[in-house]
Amino acid sequence: MAGHFITFEGGEGAGKSTQIARLKTWLEAQGKTVIVTREPGGSPGAEKIRQLLLSGEAKDLGPRGEAMLFATARADHVDTTIIPALKRGDWVLCDRYADSTRVYQGEAGVDIAYLKLLETAAVAGTYPDLTILIDVPAEIGLSRVEVRSQTDNSGGPDRFEGETMKVHKRRRQMFLDLAEEEAHRFAVIDGSKDLDQVETAIRSAVATAFASELKPDGETASITEASR
Ligand code: TYD
């Protein structure tokens with residue numbers, strides 16, 4: 001497909017949404033068409049499932065049932081949002097994707113072989129070109145979530161944020177292990193640095209991964225336009 005697919009992963013409070021917005025601005029300045037999307041959600045059908053999952057209404061189904069719902073939402077998101085965008089040649093920036101299921105539902109005890117089956121069915125061959133893992137220690141991530149939930153009227157932590165510190169630490173390690181196993185598509189970014197430093201590190205990872213299509217950091221699309 002003509003487009004480019006970049007996913008963002010990490011624990012709670014890693015700063016993904018801020019950095020996705022910044023990367024979008026940078027890519028657009030280079031003349032790219034960018035869509036930002038998220039999981040669970042990203043399509044009308046999947047957003048309904050998101051509500052069930054994050055409110056905790058689906059918790060009684062157990063981790064295996066929740067994994068199926070994440071997969072159902074993902075299948076709809078892939079079919080109706082991601083594939084059409086990639087076919088148009090857009091850059092797709094996705095806040096969480098299949099790696100989150102491997103980590104969150106894997107940590108919750110769902111068998112890895114079963115998760116792989118669900119993943120294969122849900123993604124229908126649509127794998128990211130690049131996955132940015134924004135890594136922060138669980139303590140830092142959770143303290144950011146606490147500040148956020150006090151200021152954004154969200155009514156406190158959601159179903160998956162409200163787990164114990166031990167769980168958050170295990171998820172962090174699982175993301176790091178995954179990045180090591182599939183190093184060819186991962187860039188691990190230190191998310192404990194300040195926002196500008198994280199932004200620069202992400203730009204550089206993206207510029208390296210798509211070197212033939214992007215200018216190095218610092219040059220803008222307009223300079224290149226002028227020199228044509
Ligand atoms: P969201 O508010 O989007 O959180 P964040 O800002 O941390 O990305 O909520 C998504 C939550 O759902 C998050 O806690 C991670 C969890 N999740 C899973 O457990 N499995 C999945 O496959 C996905 C996509 C998310």
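When a residue number appears, it is its place in the shown sequence, counting from 1. Atoms within each ligand, like the ligands themselves, are counted from 1 in listed order.
Among protein residues, Glu12, Lys16, Glu39, Pro40, Arg50, Leu54, Phe70, Arg74, Asp95, Arg96, Ser100, Thr101, Tyr104, Gln105, Asp158, Phe160 come within 4.0 Å of ligand 1, judged on heavy atoms.
Annotation for Arg64: atom CZ does not count as buried by contact number, only 12 or fewer foreign heavy atoms lying within 6.0 Å.
Under a hydrophobic-cluster definition in which Ile, Leu, Val, Met, Phe, Trp and Tyr are linked whenever side-chain heavy atoms come within less than 4.5 Å, directly or via other members, Phe175 and Phe70 are assigned to the same cluster.
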For a quick test of your reading: what N or O donor-acceptor pairs under 3.5 Å do the side chains of residues 130-137 make, sequence neighbours left out?
{"unit_1": "Thr131", "atom_1": "OG1", "unit_2": "Thr7", "atom_2": "OG1", "d": "2.9"}
{"unit_1": "Thr131", "atom_1": "OG1", "unit_2": "Arg185", "atom_2": "NH1", "d": "2.7"}
{"unit_1": "Asp135", "atom_1": "OD1", "unit_2": "Arg172", "atom_2": "NE", "d": "2.8"}
{"unit_1": "Asp135", "atom_1": "OD2", "unit_2": "Arg172", "atom_2": "NH2", "d": "2.9"}

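Residues meeting the side-chain hydrogen bond (donor to acceptor under 3.5 Å, both in side chains) test with Thr208, sequence neighbours left out: none. Shown here are the salt bridge (charged side-chain N to carboxylate O under 4.0 Å, His left out) partners of Lys169, two or more places apart in sequence or in another chain: Glu139.
Tyr97 has its ring centre less than 6.0 Å from the ring centre of Phe5.
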